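Take a look at the structure below.
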Amino acid sequence: MTTRTDDVGGTLLEGLTNPQREAVRHVDGPLLILAGPGSGKTRVVTRRAAYLASVVTKPWHVLAITFTNKAAREMEERIAALGSSEGMTVGTFHAFCARLLRIHHERIGVPRNFTIVDRDDRRKVIKAAVATCGLSTDNYPAPVGDHIISNAKSELHTASQFAGLDLDWQQKAYARIYAAYEQLMLDMDALDFDDLLMKVALVLQRDADFRADLQDRYRYILIDEYQDTNTAQYAIANLLAEGHNNLCATGDPDQSIYGWRGANIENILAFERDHPDTVVVRLEQNFRSTKRILSAADQLIAANIQRKEKSLWSDLDEGAAVRVVECEDGGGEAEWVSRDIARQIRDGVPPSDVAVFYRVNAMSRSLEEALLRDGIAYQVARGVEFYNRKEIKDVWAYLRVLVNPSDDVSLLRIINTPTRGIGATTVKRLVAKAEEAGVRPAQLILETDDLGFLGRSGAKVKEFAELLRALRLLVEKPAPNALAEVMSLSGLRAMYNQELLLDDAPRANLDELHAAASQFQLEYPDATLVDWLEHAALVSDIDGIHDEERGTVTLMTLHAAKGLEFSVVYIVGLEEGMLPFRRRDEEYVDWEEERRLLFVGMTRAKHRLTLLRAKYRMLRGMTERTVRSPFLGELPSEELEWVLTEAAQPWGARAKKNNGLPPDIAEWQPGTLVRHPQLGLGQILTLSRGVRRSHASVHFKNGKRETFVLEFADLERVDFDDVG
DNA sequence: AATATTCCCGTTTTT
DNA sequence: CGGGAATATT
């Protein structure tokens, strides 16, 4: 191992602790950075990358892989701020692989304009594959096949290899489905997320020249969140590092929470075995949490067996005890949290410094209602939700078809969207005919003059073919322009304009998509539509735009919380079966992973941490008595403070608090102006009146949209004249 | 072909 | 309880 100190004036080592410096200065040979929560890992990694790129070698010899695109973007920015990063490759495994596949498509053996299918589309293809095999989706549900195929690919098992494994009769059926699925994907020039990794891993294994080229190009490799890598990612990292052996892995086995998705914690646990002469750096000083919070978390995780010993310590204040609150039911729990947040905000804590974590998304509902009632602005971290919106997927499908007409899933999605009189029967005939002729449906309707076999619908399909022809001319256009044209040519714009009065969310989302496309074009002026499609298929955080939406409390799952920090944190649902989570008819629980999940959640908190539990919880329509989570018993009692809740108010009493519905509710309608004590002036978008609950979604002057339960919210009608 | 109704089932999720 | 998908109805 060599170390050099001749970096640019030593600035890259400034303000670092000794272990941090050691990690930054390490140059050659395998390096494992075990980074506890809040230990300044990002700082170390970015400085080391900058050091390698500016002092040791050239930026283009450095490859940095992150877990998410967001992390990649942040790392890139931070490295850039430290000096020249131009030419360095920073991205996720998937983005990196997708790029390799585009550039070397011929050599690797993938279609030039391949489409990347998401999970929903993939399930549709699997369904089709099940049918092809003459099986029923009743016995072979798409989600199960999805899971099996995805796991096989993560383990680098091709369809034929998978079939060659020692399988029971049911797995054998899935092996056939896998093979059929691969054929369909091949026909459609489509790749799924797992393919991106598998194709690259396999070509690296088989093509020594290709491997050597890449090894020479990427002489220093950094893999972040190594505890969350799967077998395919592990293979890629190690094949690239073979020879020069400059592989740096960073991560924390205690924060491995994606085992259910194929991540293999062994990858990091066995790093030193895989790479003799590894230098291990432990970052154990925590710069985030108070002593008592850290000590509680540290003691919890000590119960795990599968880990690498670390002793976390903090130089910060003792801080307050970790509060444990046992509430009567889920509603009471939400109310307690909401009230306490209100108190914190009154005491000067900025709402954006507050977060509530839960194990399952379904638990956000009661919290949202309570926060709404108390007039506390919040946002729910929603992951890929944006791209799952129907309107987004629709436009998306148009764009994908115009780039790759073989993309049958997208074609079938748009053929009757907006409705143009091409129904299920017609589509079925079309698909059958195409199969018979051995062509893609798009090809068939574009190249066949006589569509008589479709009966009366033939004319409609002909019209659709004309639309397809018109769309194909857009391929060369920049993304925002193509998007706009697609909107009008397809009739989607007209459709949504018509629906605008009912619900303007789709329109707003489409505007947002357009804004994202424009933004992309601005950033990469030479980019084509294909580039944008790939970017957007891999980058799920368009709603990173909402990052700027500061000033609100954040609600999210424990999984989503990884990597973040908040001053005040609440974790709800500490009950047996919820945290740890237990599937209804499954006895198996990965206790260690569940414990890590709680550990991740707890270590997000800087100053105040509160754990809550409800004695009764309603799930799937039934209220059940719960059992306290065993994890609570594993926490050091000296760091805990058990909070007594006031006797639970009967539910009805709370509901009546605001005298129910506003008196003049009968006069309310979409368009009515209303005022909210915190959010100010707004306009009603939609109203729905239920038997027990009425909802209104309101568009506020500041551009925000919120939905309220009218029985609880302090909304009052404002006359137009009052507004001025 | 489009809409209404019933039925079923229920983690976590980035790419 | 509530959303999505499969099924029944017009």
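From a predicted model like this one, the values you see are computed outputs, not experimental measurements. Every chain is numbered from 1 and lettered A, B, ... according to where its sequence line falls, protein lines coming before strand lines.
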Rounded to whole Å, how long is the line connecting atom [atom1] of [X] with atom [atom2] of [N]?
{"X": "D192(A)", "N": "dT13(B)", "atom1": "CG", "atom2": "P", "answer": "20 Å"}
{"X": "W260(A)", "N": "dT14(B)", "atom1": "CH2", "atom2": "C1'", "answer": "8 Å"}
{"X": "D138(A)", "N": "dA5(C)", "atom1": "CG", "atom2": "C1'", "answer": "12 Å"}
{"X": "E369(A)", "N": "dG2(C)", "atom1": "CD", "atom2": "C1'", "answer": "13 Å"}
{"X": "L597(A)", "N": "dT13(B)", "atom1": "CG", "atom2": "C1'", "answer": "12 Å"}
{"X": "N151(A)", "N": "dT13(B)", "atom1": "CG", "atom2": "C1'", "answer": "14 Å"}
{"X": "D195(A)", "N": "dT15(B)", "atom1": "CG", "atom2": "P", "answer": "18 Å"}
{"X": "D120(A)", "N": "dG3(C)", "atom1": "CG", "atom2": "C1'", "answer": "14 Å"}

Between [options], which nucleotide has the shortest distance from any of its atoms to the side chain of [X]?
{"X": "R620(A)", "options": "dA6(C), dG10(B), dT15(B)", "result": "dG10(B)"}
{"X": "V360(A)", "options": "dT13(B), dT12(B), dT15(B)", "result": "dT12(B)"}
{"X": "T68(A)", "options": "dT15(B), dA6(C), dT12(B)", "result": "dT15(B)"}
{"X": "M618(A)", "options": "dT12(B), dC1(C), dT15(B)", "result": "dC1(C)"}
{"X": "Y258(A)", "options": "dA1(B), dT15(B), dT13(B)", "result": "dT13(B)"}
{"X": "T92(A)", "options": "dT15(B), dG2(C), dT12(B)", "result": "dT15(B)"}

Confirm from the modelled atom types if R261(A) and dT14(B) form a donor-acceptor pair under 3.5 Å, side chain to base only. yes

Consider side chain to side chain donor-acceptor pair (under 3.5 Å). Of R613(A), R617(A), R625(A), R628(A), which one does E575(A) pass it with?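 So, applying the side chain to side chain donor-acceptor pair (under 3.5 Å) to E575(A) and each of R613(A), R617(A), R625(A), R628(A), only R617(A) qualifies.
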
Toward the 5' end of DNA chain B, which comes first, L558(A) or N416(A), by nearest nucleotide? N416(A)

Upstream residue (5' side of DNA chain B) when R420(A) and H559(A) are each assigned their closest nucleotide: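 The residue mapped nearer the 5' terminus is R420(A).
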
Classify the ring geometry between H535(A) and F520(A) as parallel (under 30°), tilted (30 to 60°) or perpendicular (over 60°). tilted

For [X], answer base if it contacts any base atom (sugar-phosphate contacts may also be present), sugar-phosphate if it contacts only those atoms, and nothing otherwise; contact means non-hydrogen atoms under 4.0 Å.
{"X": "A424(A)", "answer": "sugar-phosphate"}
{"X": "G423(A)", "answer": "sugar-phosphate"}
{"X": "R582(A)", "answer": "nothing"}
{"X": "K390(A)", "answer": "nothing"}

Applying the 5.5 Å / 30° rule, does F581(A) stack onto the base of dT12(B)?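 A stacking contact does not exist, since F581(A) is not both close and nearly parallel to the base ring of dT12(B).
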
Checking salt bridge (Lys or Arg N to Asp or Glu O under 4.0 Å) for the pair D121(A)/R413(A): CA distance, chi angles, key distance, verdict? CA-CA 10 Å; D121(A) 287 351; R413(A) 185 180 181 98; 5.3 Å; no

Please assess K153(A) against E182(A) for the test salt bridge (Lys or Arg N to Asp or Glu O under 4.0 Å), listing each intermediate value before the final yes or no. CA-CA 11 Å; K153(A) 288 188 176 182; E182(A) 290 293 274; 2.9 Å; yes

Does OP1 or OP2 of [N] have a side-chain N or O of [X] closer than 4.0 Å?
{"X": "N361(A)", "N": "dG10(B)", "value": "no"}
{"X": "N69(A)", "N": "dT15(B)", "value": "yes"}
{"X": "T557(A)", "N": "dT13(B)", "value": "yes"}

Run the numbers on D394(A) and K390(A) for salt bridge (Lys or Arg N to Asp or Glu O under 4.0 Å), then give the verdict. CA-CA 6 Å; D394(A) 287 345; K390(A) 182 184 172 299; 2.9 Å; yes

Checking ring pair (Phe, Tyr, Trp, His ring centres under 6.0 Å) between H559(A) and each of F67(A), F357(A), W260(A), which is the one that passes?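 Of F67(A), F357(A), W260(A), ring pair (Phe, Tyr, Trp, His ring centres under 6.0 Å) with H559(A) is met by W260(A) alone.
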
